[in-house]
Number of protein chains: 2
Amino acid sequence: MHSNPSVAPAGEGTLEDKLSRGNVFAVGCPARAILTNVTSRWGVLVLIALRGGTLRYSQIRRKIGGVSEKMLAQTLQSLEADGFVRRVSMPVVPPHVEYSLTPMGEEISQLVQGLTDWIETNLSGVFAARSAAAA
Amino acid sequence: MHSNPSVAPAGEGTLEDKLSRGNVFAVGCPARAILTNVTSRWGVLVLIALRGGTLRYSQIRRKIGGVSEKMLAQTLQSLEADGFVRRVSMPVVPPHVEYSLTPMGEEISQLVQGLTDWIETNLSGVFAARSAAAA
DNA sequence: CGGGATCCGTTACGATACTG
DNA sequence: CAGTATCGTAACGGATCCCG
């Protein structure tokens with residue numbers, strides 16, 4: 001019996017609930033937390049990295065430059081908790097753990113990829129703006 | 001959030017440059033910095049808030065719940081430096097400053113909006129995943 | 001009204017060492 | 001190999017005061 005925020009019974013819910021539901025601008029909006037995870041520094045890169053298919057922990061770490069073990073583990077955990085990443089652990093020695101995108105993860109990673117794609121193709125525009133600002 | 005002083009526009013091509021250009025996974029990729037600004041906690045919300053049209057500083061602050069003066073000013077400055085936000089200051093008393101999206105800002109804000117829209121419509125799915133993870 | 005300057009607590013982050 | 005534990009640093013973020 002998990003709470004389902006999208007189907008709220010009529011006559012139920014506090015004023016604050018009504019204000020924050022479906023409103024990212026509200027302080028308590030639950031979408032903000034998810035957004036924070038997805039758009040976090042390493043979250044973005046992990047989501048994109050896994051678009052190519054299943055990867056092992058060390059493979060992700062090697063693929064993403066500059067990420068520490070701690071942050072990678074932490075990022076993977078939050079993404080897994082939100083249902084964007086699937087973690088499969090093989091009980092063997094040495095340990096073998098595989099990470100992949102869930103269907104939900106595929107969807108959102110596409111949007112994130114769109115963002116990074118736009119930035120990469122418009123890098124020159126941004127730099128032009130910076131130069132103009134400096135002048 | 002932080003200036004990026006050492007960015008060579010064009011001309012030389014070191015090995016590291018070639019590796020990092022067009023590769024978000026590389027440590028020195030300039031797209032990472034922009035991505036960080038755009039996907040920052042308040043950057044996302046500012047970009048969406050301005051989609052409705054020009055707003056004044058205090059209006060943005062009121063619209064976005066929980067943002068402090070400091071962070072809002074800081075966020076607006078980095079977005080302006082990157083060419084996503086236009087700042088128009090009217091030299092009157094009391095001061096009157098208007099913020100709006102540039103054409104580039106419009107484009108990227110659309111992508112950001114797509115992200116938040118997806119999250120809002122799929123909130124239930126994420127919560128279901130969280131419940132499953134907790135069990 | 002729009003911020004800049006300052007102070008200060010909280011968190012994020014990274015490097016290293018260690019364990020199953 | 002895949003993490004966790006611990007620690008130190010740096011950046012983030014908020015509150016307050018103040019000035020143009």
Side-chain angles (χ1 to χ4, degrees), chain A residues 25-29 32-46 49-50 54-82 85-100 133, chain B residues 1-5 25-29 32-46 49-50 54-81 85-100 133:
Chain A
F25 296 129
V27 180
C29 180
R32 270 205 195 180
I34 303 170
L35 193 64
T36 300
N37 288 343
V38 171
T39 64
S40 72
R41 180 173 179 192
W42 305 116
V44 172
L45 298 177
V46 166
L50 287 178
T54 300
L55 288 180
R56 298 181 58 174
Y57 180 85
S58 52
Q59 289 180 308
I60 303 176
R61 188 151 144 66
R62 242 170 290 128
K63 187 165 187 175
I64 302 179
V67 66
S68 66
E69 295 183 3
K70 178 184 171 182
M71 292 315 298
L72 180 54
Q74 195 173 305
T75 302
L76 284 169
Q77 282 169 13
S78 64
L79 288 179
E80 186 196 2
D82 285 352
V85 165
R86 187 184 303 114
R87 179 182 183 276
V88 179
S89 175
M90 325 277 288
V92 296
V93 283
H96 186 101
V97 182
E98 291 182 343
Y99 291 94
S100 58
Chain B
M1 299 322 105
H2 49 67
S3 52
N4 205 333
F25 296 129
V27 181
C29 180
R32 270 204 196 181
I34 302 170
L35 193 64
T36 300
N37 287 344
V38 170
T39 64
S40 73
R41 183 175 179 190
W42 304 115
V44 172
L45 298 177
V46 166
L50 287 178
T54 299
L55 288 180
R56 297 183 57 178
Y57 180 85
S58 53
Q59 287 179 311
I60 302 176
R61 186 152 146 65
R62 240 167 302 151
K63 188 165 187 175
I64 301 178
V67 66
S68 67
E69 295 183 4
K70 177 183 171 182
M71 292 315 297
L72 180 53
Q74 201 173 98
T75 302
L76 284 169
Q77 282 169 13
S78 64
L79 289 178
E80 187 196 2
V85 165
R86 186 185 304 113
R87 179 181 183 275
V88 178
S89 175
M90 325 278 286
V92 297
V93 281
H96 186 102
V97 182
E98 292 182 341
Y99 291 94
S100 57

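We name chains A, B, ... by the order of the sequence lines, and we start the count at 1 in each one.
Gln59(B) comes within contact range of no nucleotide atom at all, as no heavy-atom separation falls under 4.0 Å. Contacts of Arg87(A) with the nucleic acid, taken as non-hydrogen atoms under 4.0 Å apart, involve only primed sugar atoms and P, OP1 or OP2.
Phosphate contact (OP1/OP2 of dG2(C), side-chain N/O of Ser58(B), threshold under 4.0 Å): present. Note on Arg56(B): a side-chain N or O is less than 4.0 Å away from OP1 or OP2 of dG2(C).
Near-neighbour residues of DNA chain C inside residues 90-99 of chain B, defined by a heavy atom below 4.0 Å, number-ordered: Pro94(B), Pro95(B), Val97(B), Tyr99(B).
Taking each heavy atom of Val97(A) and Ser89(A) in turn, the nearest pair found is CG2-OG, 4.0 Å. The two residues Phe25(B) and Leu45(A) have their closest heavy-atom pair at CE2-O, 3.5 Å. The two atoms that bring Glu98(B) and Thr54(B) nearest to each other are CB-CG2, 3.6 Å, heavy atoms only.
At whole-Å resolution of the value, CG in Leu72(B) and C1' in dG13(D) are 13 Å apart. Computed from coordinates, the Leu76(B) CG to dC1(C) C1' distance equals 14 Å when rounded to whole Å. Remark: C1' of dG3(C) and CZ of Arg61(B) are 11 Å apart, rounded to the nearest angstrom.
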Identify every side-chain donor-acceptor pair in residues 55-64 of chain B under 3.5 Å, counting partners at least two apart or on other chains, and give the distances.
residue: Arg56(B); atom: NE; partner: His96(B); partner atom: ND1; Å: 3.4
residue: Arg56(B); atom: NH1; partner: His96(B); partner atom: ND1; Å: 3.0
residue: Arg56(B); atom: NH2; partner: Pro95(B); partner atom: O; Å: 3.4
residue: Arg56(B); atom: NH2; partner: His96(B); partner atom: ND1; Å: 3.4
residue: Tyr57(B); atom: OH; partner: Glu69(B); partner atom: O; Å: 3.0
residue: Ser58(B); atom: OG; partner: Arg62(B); partner atom: NH2; Å: 3.2
residue: Gln59(B); atom: OE1; partner: Arg56(B); partner atom: N; Å: 2.8
residue: Arg61(B); atom: NH1; partner: Val67(B); partner atom: O; Å: 2.5
residue: Arg62(B); atom: NE; partner: Ser58(B); partner atom: O; Å: 3.4
residue: Arg62(B); atom: NH2; partner: Ser58(B); partner atom: O; Å: 3.4
residue: Lys63(B); atom: NZ; partner: Ala49(B); partner atom: O; Å: 3.3

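Position along DNA chain C of the nearest nucleotide to Tyr57(B) versus Val67(A) favours Tyr57(B) as the more 5'-ward residue.
Interatomic distance, CD of Gln77(A) versus CG of Leu72(A), reported as 10.0 Å (0.5 Å rounding). Rounded to the nearest 0.5 angstrom, Met71(A) CE and Leu76(A) CG are separated by 10.5 Å.
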Interface polar pairs with nucleotides 5-13 of chain C, N/O, under 3.5 angstrom:
residue: dC13(C); atom: N4; partner: Lys70(A); partner atom: NZ; Å: 2.9

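Contacts classified as side-chain hydrogen bond (donor to acceptor under 3.5 Å, both in side chains) and involving residues 33-45 of chain A (residues at least two apart or in different chains) are given here: Asn37(A)-Asp82(A).
If one axis is set at each end of the helix from dC1(C)-dG20(D) to dG20(C)-dC1(D) from five pairs, those axes are 50° apart, to 10°.
The side chain to side chain donor-acceptor pair (under 3.5 Å) search around Arg86(A) returns Ser100(A), not counting sequence neighbours.
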